[in-house]
Each structure stands twice: as structure tokens, then as C-alpha cells.
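Just below is one structure, and these are the notes that go with it.
Please read all numbers here as calculations on a predicted model, not as lab measurements. To find a chain, count down the sequence lines: A is the first, B the second, and so on, and within it residues start at 1.
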Amino acid sequence: MRLSRYFLPVLKENPSEAQIVSHRYMLRAGMIKQQAAGIYSWLPLGYRVLKRIEQIVHEEQVRAGHIPLLMPTLQPADLWRESGRYDDYGQEMLRIRDRHDRDMLYGPTNEEMITDIFRAHVGSYKDLPMTLYHIQWKFRDEVRPRFGVMRGREFLMKDGYTFDIDRDAALHAYNRHMVSYLRTYERMGLTAIPMRAASGPIGGDNTHEFLVLASTGESEVFYDQAVTELKLGPREVDYDNRAEVEGICKEFTTLYARTDETHDAALFDQIPEDRRRVGRGIEVGQIFYFGTKYSASMGALVVNDKGERVPVEMGSHGIGVSRLLGAIIEASHDDKGIIWPEGVTPFPVGIVNLKQGDSGTDAACDALYKALAAKGLEALYDDREERAGAKFATMDLIGLPWRITVGPRGLAAGVVELTSRRSGLSEEMSAEAAVDRIAQIYAAHR
RNA sequence: CGGAGCGUAGCGCAGUCUGGUAGCGCACCUGCUUCGGGAGCAGGGGGUCGGAGGUUCGAAUCCUCUCGCUCCGACCA
């Protein structure tokens with residue numbers, strides 16, 4: 001993409017409404033525009049990152065054997081009357097009436113609807129296990145939306161629903177989600193720690209929240225420092241292998257890590273003192289096992305191998321997709337702007353032409369741009385008639401992890417400059433070597 | 001929902017107390033110079049002062065109502 005033809009409305013000054021760093025940078029980098037309290041348009045750069053995150057979530061869900069579908073944003077109230085939540089949910093639910101005076105709502109979540117789909121089409125244990133998920137916009141009419149996309153009213157969320165014949169199978173589904181989530185967050189360059197959580201309005205007793213440590217987090221967290229060093233890494237996981245999946249979950253949940261809701265001071269004090277940590281975290285996902293809460297009330301029954309009709313065992317598992325943009329920025333930025341992890345960056349690399357209009361640098365940048373494209377890497381090429389400083393400042397702000405700088409001085413010596421946004425370190429090399437290096441870096445993130 | 005603020009050009013703000021022909025910086029347009037970390041000079045364009053009503057010879061400014069947004073708290077993915 002040539003920046004001269006792109007739509008990237010960056011701001012030099014901080015918009016006054018933004019208090020926290022991720023919100024400020026998302027506005028300044030031209031990623032979002034607020035349309036109403038807690039409701040945002042996703043401008044091209046933000047949309048790219050949102051789609052990258054969504055893509056990673058999809059890939060890891062499918063890898064775990066889960067099946068994508070798509071449910072609507074608007075739902076009939078009657079389904080929610082069946083579960084009893086139409087009255088329980090309160091003011092956070094946005095209620096709408098259509099022209100025929102039917103009660104509708106903008107879905108804050110989808111347990112009822114997925115249960116309706118399931119009961120209409122599935123009746124036998126032989127169809128289980130099954131996990132259906134979708135990535136869809138939700139709406140919760142928060143009293144006080146804030147922090148940009150971290151706590152909007154409209155938000156994009158992946159929610160998955162598991163259906164199993166018994167508790168053991170349902171707990172395996174729970175564990176499978178935990179592992180798939182660990183992998184998802186790692187691919188985004190995040191350390192998200194599963195913490196034992198309280199169940200909240202969705203109900204159920206087995207539940208973990210995934211928290212990204214950040215001083216701006218909404219939850220107070222207590223943890224053993226060692227838990228932050230755990231990595232899933234590139235290991236192959238057989239998601240059907242219950243023992244293996246359970247083993248990984250044990251590995252990640254044995255060390256102490258809890259939110260203030262479930263914090264146990266006595267247990268916390270048993271951690272060696274030098275590893276005890278109290279901090280704040282941003283919740284980016286949650287997994288629940290809740291058994292037959294919805295299947296019993298809504299009549300989602302399956303026949304088991306003894307011929308008995310029993311309510312199906314369920315769980316629901318969510319990832320806050322749009323919120324993740326804020327969480328990633330909170331976890332990865334400096335005073336100049338965002339620093340995108342390679343896994344989610346809107347563009348893998350930026351090209352800065354230091355002397356726009358000079359036939360030599362123009363040609364070299366064009367060639368570089370094409371060479372990157374030939375490797376499947378879409379560069380953001382700053383071909384504007386701007387001075388070097390302005391181009392560098394823009395690149396730093398929008399946070400592309402790698403930058404290739406092309407100037408007449410370097411070209412005379414046959415080199416371009418490759419700079420890491422994260423370390424700030426630059427290295428001179430031939431254009432070909434720079435392309436190869438970038439390609440190699442991103443090969444690990446495919 | 002309790003408390004506190006703010007709406008003036010795309011963004012950041014002054015002007016409001018004390019009514020008198022709407023300003024500054026950035027951004028934008030033109031020209032010249034400049035050219036490796038958000039350039040300089042000169043010129044230029046852009047605003048129903050959130051909205052409605054009222055007071056007044058005259059309202060961004062005073063009064064009433066209203067809408068929107070932000071912050072603190074409670075709540076929440």
C-alpha cells in the first residue's frame with residue numbers, strides 16, 4: 001500500500017477524550033473514530049489489525065476442531081424469556097421493538113440462540129462432542145463506556161459453545177479451549193494468564209479468565225511471577241487427547257494466579273516472597289463450564305447410549321476480539337507510539353523513502369516494494385512528499401515492527417537500512433538481504 | 001445511577017466572569033527556500049460558537065429548557 005493513496009488520518013496532538021495510552025494511540029494512529037459513547041468506526045488501519053486478530057482466533061479454533069457459524073446481532077426476546085434472562089439481564093441489554101411490536105434485543109451474548117439451534121437439529125450422543133463458535137458484534141449498554149475499544153458498548157467477540165454428553169467430556173472441551181486460547185494469545189505476542197475467576201451472570205462453577213498484565217487493567221490480580229514465564233511455544237498439540245490437553249492445563253493453572261474475586265490470601269502467602277506479585281490485568285477472554293443451566297431450561301436434550309433423554313452438558317468460551325487491540329497496545333508501546341507484535345501488525349514492514357521525487361530512491365523503493373510483495377509481504381510505502389522526520393514519526397506512531405529506510409546516501413553505497421521498531425536498532429544491508437530478512441522473520445508467524 | 005466538568009474551524013485551545021462585527025497553534029491550499037527525526041518565510045481558504053426558546057438596540061458571552069461527550073465512583077468482556 002502506498003501511503004499517498006491510503007487513508008491514514010494520523011493526529012499530531014492528543015484528542016482530549018482519550019485518557020489511557022491505547023485509546024490515545026488508536027485515535028492518533030487513525031485506527032478508530034468514535035461515533036457515540038462506546039461505539040466506534042474502524043478506520044482502515046484499525047480494521048486491518050482487527051481482521052488480523054480475528055483471523056488468528058479463527059485459525060486456532062479450527063485447529064482445535066471447533067466449527068464456525070454466524071448468528072445474528074438481533075435476537076427475539078422470546079428465547080431469552082425461556083432461559084429467564086430477559087428479566088435478569090437488566091439495563092445492560094439493549095431492547096428494541098420492531099414494527100410489529102415484537103420485543104427484540106441486540107445480543108449481549110448467544111447462549112440462548114445457540115441452544116435453540118442445537119435443540120432443533122441435534123438429538124443423539126452420537127453427534128457429540130460438538131463445539132460451535134462465531135465471531136460477531138455484541139452490544140452491552142454499559143453505564144459508563146470508557147478506555148476506547150477496551151470498554152466499548154459495541155464490541156466484537158468470539159464466543160464458542162460446547163455440547164457434550166457428560167461432565168468428563170465437557171471438562172475436556174473446557175480444557176481444549178484453555179489450550180487453544182493460550183496458543184491464540186501467544187500468536188498475538190501477548191502473555192495472557194489464565195486465572196481462576198468468579199462465574200458472574202453467565203453462571204457455572206468451573207471458570208477461568210485470561211488476563212494480560214497492564215497497569216491500566218480493570219482487575220486487581222495476584223500471581224506467582226513464575227506463571228508469567230510459562231510458554232506453550234511451538235509444540236504440537238493433539239486436541240483429542242484428553243490426558244495431554246489436561247496436562248497442559250495443569251502446567252498453566254497450578255501456579256497461583258487469581259483475580260481479586262477469587263483471591264485467597266492464605267494460599268498467596270505460601271508463594272516464595274520474591275515471586276509474589278500484585279498487579280492489574282486486562283481481561284481478554286473467559287472460559288466457562290456451566291453444565292445444564294441452559295439445556296435444562298430450554299429443553300436441549302440428547303439421547304444417551306442407554307436410550308435416556310438427558311440435557312446436554314454445555315460450556316461457553318469467549319475472546320474479546322476488539323478489546324484485544326487495546327490490550328495489545330497497553331502491553332506493547334513506548335512514548336513514540338504503538339509497537340505491534342509481528343503476529344497482528346497491520347503491515348509487516350514500512351518503507352520510508354527519504355527523498356521523494358529523486359529518481360534513484362523512487363526506483364529503489366518501487367523495486368523493494370515489489371520484491372516484498374513477491375514474497376507475500378505487503379509493505380506500507382511512505383511515498384508522501386514529506387520530510388524524513390515526519391515519515392519516521394508516522395511510522396513510529398503506527399507501530400509497524402520493521403522499517404526499511406531508503407535514502408540517496410545509502411543507495412550510493414548499495415545499502416538500505418533495516419530498523420526494528422521494538423529495539424530501535426538499525427542495520428545496513430542490501431535491499432535483497434533486507435527482503436530476505438523480513439521474509440524469514442514472518443515465516444515464523446504464518 | 002450518584003458526583004464533577006466540557007461542547008467555539010479537521011485536531012488542541014483562548015475568548016464567556018465584565019454582552020458590542022469570532023481568535024491562536026497544528027492540519028489544509030498556493031508560492032519560494034529547505035530536505036536522515038513531526039522545517040522556514042509569505043500569502044490563502046475554512047466556523048449556523050451543540051440545539052431550541054427567551055432577555056436586549058445588540059448574545060459565543062446573560063436566563064430557561066434540551067441534546068451530546070468526558071472524568072471520579074458503583075458496575076462490567
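The P atoms of B:U21 and B:G37 are separated by 46 Å, rounded to the nearest whole Å.
A:Gly320 comes within 4.0 angstrom of nothing in the nucleic acid, heavy atoms only. As judged by a 4.0 angstrom heavy-atom cut-off over every strand, A:Glu417 is placed among the base-contacting residues.
For A:Glu17 and A:Ser219, each mapped to the nucleotide of RNA chain B holding its nearest heavy atom, the one lying further toward the 5' end belongs to A:Glu17.
Donor-acceptor pairing under 3.5 Å, judged by distance alone, is present between the side chain of A:Arg151 and the base of B:C76. For A:Arg28 against B:G38, a side-chain-to-base donor-acceptor contact under 3.5 Å is present. Between the base of B:U70 and the side chain of A:Arg146 there is no donor-acceptor pair shorter than 3.5 Å.
In a base pair of the Watson-Crick type (N1 to N3 plus N6-O4 or O6-N4) or a G-U wobble (N1-O2 and O6-N3), with each distance short of 3.5 Å, B:C41 is matched with B:G31. With a cut-off of 3.5 Å on both Watson-Crick or G-U wobble distances, the partner of B:G12 is given as B:C24.
Annotation: cation-pi geometry not satisfied between A:Arg277 and A:Phe222 (NZ/CZ under 6.0 angstrom from ring centroid, within 45° of ring axis). In this structure, A:Arg95 forms a cation-pi arrangement with A:Tyr86, its terminal cationic atom sitting closer than 6.0 Å to the ring centre and no more than 45° off the ring axis.
Taking every side-chain heavy atom of A:Arg144 into account, B:C1 is the closest of B:C26, B:C1, B:G36. Which of B:A74, B:C11, B:G36 sits closest to the side chain of A:Thr405 comes down to B:G36.
Phosphate proximity of B:C35 to A:Lys355: absent, as no side-chain N or O sits under 4.0 Å from OP1 or OP2.
Atom-to-atom, CG of A:Leu8 to P of B:G38 comes out at 19 Å; the value is rounded to the nearest Å.
For the residue pair A:Leu43 and A:Phe7, the shortest heavy atom distance occurs at CD2-CE2, 4.3 Å.
In this pair, A:Tyr185 and A:Tyr181 present their aromatic rings perpendicular. The plane angle is above 60°, beyond the 30 to 60° band.
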